[in-house]
Every structure is written in C-alpha cells, then in structure tokens.
Amino acid sequence: MNQPQWFQKQESYFNMQLFYNPSINETSTSFIFDKEESKHIVKVLRKKDGDILFVTNGLGYLFKTAVTLASDSKCAVTILSYEKISPSAHPVHIAVAPTKMNDRFEWFLEKATEIGIQEITPIICDRSERKIINKERFEKIILTAMKQCNQLYLPKINDAISYKDFFKKQYEGVLLIAHCEETEKKSLKSILQPNQKTTILIGPEGDFSEKEIDLAIANNYIPVTLGNTRLRTETAAVVACHSVVFFNE
C-alpha cells in the first residue's frame with residue numbers, strides 16, 4: 001500500500017492505532033466518535049485531550065486528528081490535516097463459495113483484507129453446504145482487519161448470490177475460474193496481467209460441478225490451477241488473492 005508522504009515518515013507506523021469513521025470527508029473539520037468507539041479510545045487506550053489519532057473513512061483518506069473532548073460517551077476530535085492515496089491499479093475480486101465451517105470463511109475474510117483485496121462476493125453453488133451468510137458479521141470482521149493492518153480502503157463484500165446469477169453482471173479485466181477437475185487449465189501466474197482488475201471464482205468444498213465450469217467458460221472465464229496440491233476453499237481463495245497482489249508488486 002502506498003502511504004501518504006507525511007504518514008510514511010512516522011517511525012511507529014506499524015504500531016499505530018487506526019480508527020474508522022465512514023462519515024468524514026475532505027470538507028470535514030471535526031467529528032464525534034460513536035459511544036462504543038469513544039469508550040475504547042478513552043477507557044481502553046486512555047487517550048486524553050490533545051492526543052493525536054489517525055482516522056480513515058475507508059475510501060483512501062487518512063486524517064490526522066487531535067482529541068478535543070476525551071469523553072467515553074462522545075470522544076470529539078478536530079481534523080488537523082489529511083491526504084489520500086490512489087486506489088489499487090490491480091484490484092482483486094474473489095467470488096467464493098461460503099465454507100461449511102463459518103470460522104474458515106471468516107479466516108479468509110481477515111487474511112484477504114490484510115493482503116489487500118478489494119471485493120468479495122459469496123456465491124452459492126450446486127455443491128455448497130452453506131447457503132446463508134451473516135453479512136453484517138462479515139463486514140465487522142473485514143473492518144477490524146482493515147484497521148489492524150492499517151489499510152485505508154475498506155473492502156466491499158456483496159450480498160450472497162447464486163452462481164448462475166453471478167454471471168448476469170459483466171466484470172472487466174482478467175476473468176478466471178480455479179477448479180480441480182482434470183481438464184485443460186493454465187497456471188495462474190501465466191495468465192495474470194499487470195495492473196488489471198482480476199476476478200477469480202473459487203468453488204465450495206466439493207468443487208464446482210462440470211456444468212458450472214462450462215458456464216464460466218461460456219462467459220469468458222479462463223480455467224486456472226493454483227498449484228499441484230488440492231487446497232481447501234478458504235486456502236485457495238487466500239492463495240489466489242496473494243498471487244495477484246504479489247504478481248503486481
């Protein structure tokens with residue numbers, strides 16, 4: 001991630017506490033944290049008037065603020081300065097089937113956010129063992145991971161959608177489907193292109209059905225392999241995400 005120039009100079013960058021407020025923008029001069037965040041700032045972190053807090057709105061902005069009211073019910077800050085970083089030139093979109101064990105999918109969300117994913121779509125496939133998700137909980141996990149790893153863009157998680165309906169929307173860039181069937185596939189690294197949006201389909205524990213693979217190919221998705229070993233759904237999704245980010249470094 002390309003940090004703002006003044007932020008890069010902070011020697012303790014990786015130890016900084018990053019806060020989130022979706023309502024602030026470049027015209028804001030001050031704001032008040034909600035009660036939960038205020039309590040955390042004042043009671044847990046023991047911040048007081050005059051202390052510096054770094055805040056993002058999840059849209060690439062980083063605000064340097066100073067506490068003006070250290071109240072555990074409404075912590076107020078004034079904005080001292082801000083900068084914005086450009087969005088990724090190689091956004092990653094993983095469309096992945098939710099895993100049977102919910103904690104495994106949550107692990108994927110956390111790690112993909114740390115790596116630098118931009119968009120996630122849960123897809124319900126023929127062999128999916130989980131067809132209902134708790135989107136609100138997933139959003140909280142993504143937000144927490146974003147703050148912990150000092151990301152300035154909040155990844156988007158879409159509503160769960162059927163595999164067939166997923167193809168009703170046309171995505172740009174490199175379109176890929178990773179599956180385990182013994183058919184012709186290319187290696188992921190041989191297909192990736194620099195500074196292009198990449199959408200990768202990852203199937204459920206039982207993999208995509210033959211019909212689903214054919215549907216993806218009919219919609220211009222290229223079959224790829226992620227390596228010589230058979231990966232769990234959540235591992236495959238993390239590997240795919242990391243491969244794209246690493247390829248573009």
Under a 4.0 Å N-O cut-off, is there an ion pair linking Glu205 with Arg130?
no

Would the distance check show the side chain of Ser38 and the main-chain N or O of Cys75 forming a donor-acceptor pair, the cut-off being under 3.5 Å?
yes

Whether Thr56 side chain and Leu152 backbone form a donor-acceptor pair below 3.5 Å
yes

With a 3.5 Å cut-off and no angle check, do the side chains of Tyr61 and Glu26 form a donor-acceptor pair?
yes

Whether the side chain of Gln118 engages the backbone of Gly116 through a donor-acceptor N/O pair (distance < 3.5 Å, no angle test) should be reported.
yes

May I ask whether Val238 and Leu109 are part of the same hydrophobic cluster, defined by side-chain heavy atoms of I, L, V, M, F, W, Y residues being less than 4.5 angstrom apart, directly or through others?
yes

Do His90 and Thr198 get their side chains close enough for a donor-acceptor pair, meaning under 3.5 Å?
no

Give every residue pair that meets the salt bridge (charged side-chain N to carboxylate O under 4.0 Å, His left out) criterion with at least one member in residues 166-187, sequence neighbours excluded.
Asp165-Lys168

Would you call the rings of Phe166 and Tyr171 parallel, tilted or perpendicular, where under 30° means parallel and over 60° means perpendicular?
parallel

If every non-hydrogen atom of Ala66 is compared with every non-hydrogen atom of Gly50, which pair is closest and at what distance?
CB-O, 4.5 Å

Hey, what's the ring geometry for Phe33 with Phe31, parallel, tilted or perpendicular (30° and 60° as the breaks)?
perpendicular

Kindly give the heavy-atom pair with the smallest separation between Pro204 and Thr233, and that separation in Å.
C-OG1, 3.2 Å

Full working for side-chain contact (heavy atoms from CB on, under 4.5 Å) between Thr121 and His93:
CA-CA 8 Å; Thr121 301; His93 176 198; 2.8 Å; yes

For the pair Lys64 and Glu83, find out whether any cationic side-chain nitrogen is under 4.0 Å from an anionic carboxylate oxygen.
no

Assess the residue pair Cys125 and Ile123 against the criterion (side-chain contact (heavy atoms from CB on, under 4.5 Å)); give the C-alpha distance rounded to whole Å, side-chain angles, the decisive distance to 0.1 Å, and a yes or no.
CA-CA 6 Å; Cys125 304; Ile123 50 174; 4.0 Å; yes

Could you pull out the closest heavy-atom pair between Val224 and Ile191, with the gap in Å?
CG1-CG1, 4.1 Å

Is the backbone of Phe105 close enough, under 3.5 Å, to the side chain of Thr99 for a donor and an acceptor to pair up by distance?
yes

Could you measure the distance from the CD1 atom of Ile85 to the CG atom of Leu59? Nearest 0.5 Å is fine.
11.0 Å

Between Val42 and Tyr20, is there shared hydrophobic-cluster membership here, with clusters defined by ILVMFWY side-chain heavy atoms closer than 4.5 Å?
no

Are Leu45 and Val55 connected in the hydrophobic side-chain network, where two residues link if heavy atoms are under 4.5 Å apart?
yes

Would you confirm whether Gln196, through its side chain, and Val174, through its main-chain N or O, come within 3.5 Å as a donor-acceptor pair?
no

Applying the salt bridge (charged side-chain N to carboxylate O under 4.0 Å, His left out) criterion to Lys147, which one of Glu110, Glu114, Glu37 satisfies it?
Glu37

Just to verify, which of Lys43, Lys48, Lys47 counts as forming a salt bridge (charged side-chain N to carboxylate O under 4.0 Å, His left out) with Asp72?
Lys43

Would you say Ile124 and Phe167 are hydrophobically clustered, going by side-chain heavy atoms of ILVMFWY under 4.5 Å?
no

The complete set of salt bridge (charged side-chain N to carboxylate O under 4.0 Å, His left out) pairs with one or both residues in residues 239-249, sequence neighbours excluded, reads none

Identify whether Leu215 and Leu176 are in the same connected component of the hydrophobic contact network (ILVMFWY, side-chain heavy atoms under 4.5 Å).
no

Just by modelled atom types, is the Ile200 backbone N or O under 3.5 Å from a matching donor or acceptor in the Tyr221 side chain?
no

For the atom pair CD (Gln151) and CG (Leu18), what is the distance rounded to the nearest 0.5 Å?
9.5 Å

Hey, what do you get for CD (Glu106) to CZ (Arg104), rounding to the nearest 0.5 Å?
12.5 Å

Thr225 side chain vs Gly227 backbone, donor-acceptor pair below 3.5 Å:
yes

Run through the side-chain heavy atoms of Ile, Leu, Val, Met, Phe, Trp and Tyr, join any pair under 4.5 Å, and report what else lands in Ile32's cluster.
none

Rounded to the nearest 0.5 Å, how far does CG of Asn158 lie from CD1 of Ile161?
8.0 Å

State the CZ-CH2 distance between Arg232 and Trp107, to the nearest 0.5 angstrom.
10.0 Å

Would you mind checking if Asp207 and Arg127 are paired as a salt bridge, meaning a charged N to carboxylate O distance below 4.0 Å?
no

Sidechain-backbone polar pair: Asn248 side chain, Asn195 backbone, donor-acceptor under 3.5 Å
yes

For the residue pair Tyr153 and Ser86, what are the closest heavy atoms and their distance?
OH-C, 3.6 Å

Can you name the nearest heavy-atom pair linking Val77 to Val67, along with the distance?
CG1-CA, 3.9 Å

Just by modelled atom types, is the Ile141 backbone N or O under 3.5 Å from a matching donor or acceptor in the Thr144 side chain?
no

Heavy-atom closest contact (Cys149 atom, Thr113 atom, distance)
SG-O, 4.1 Å

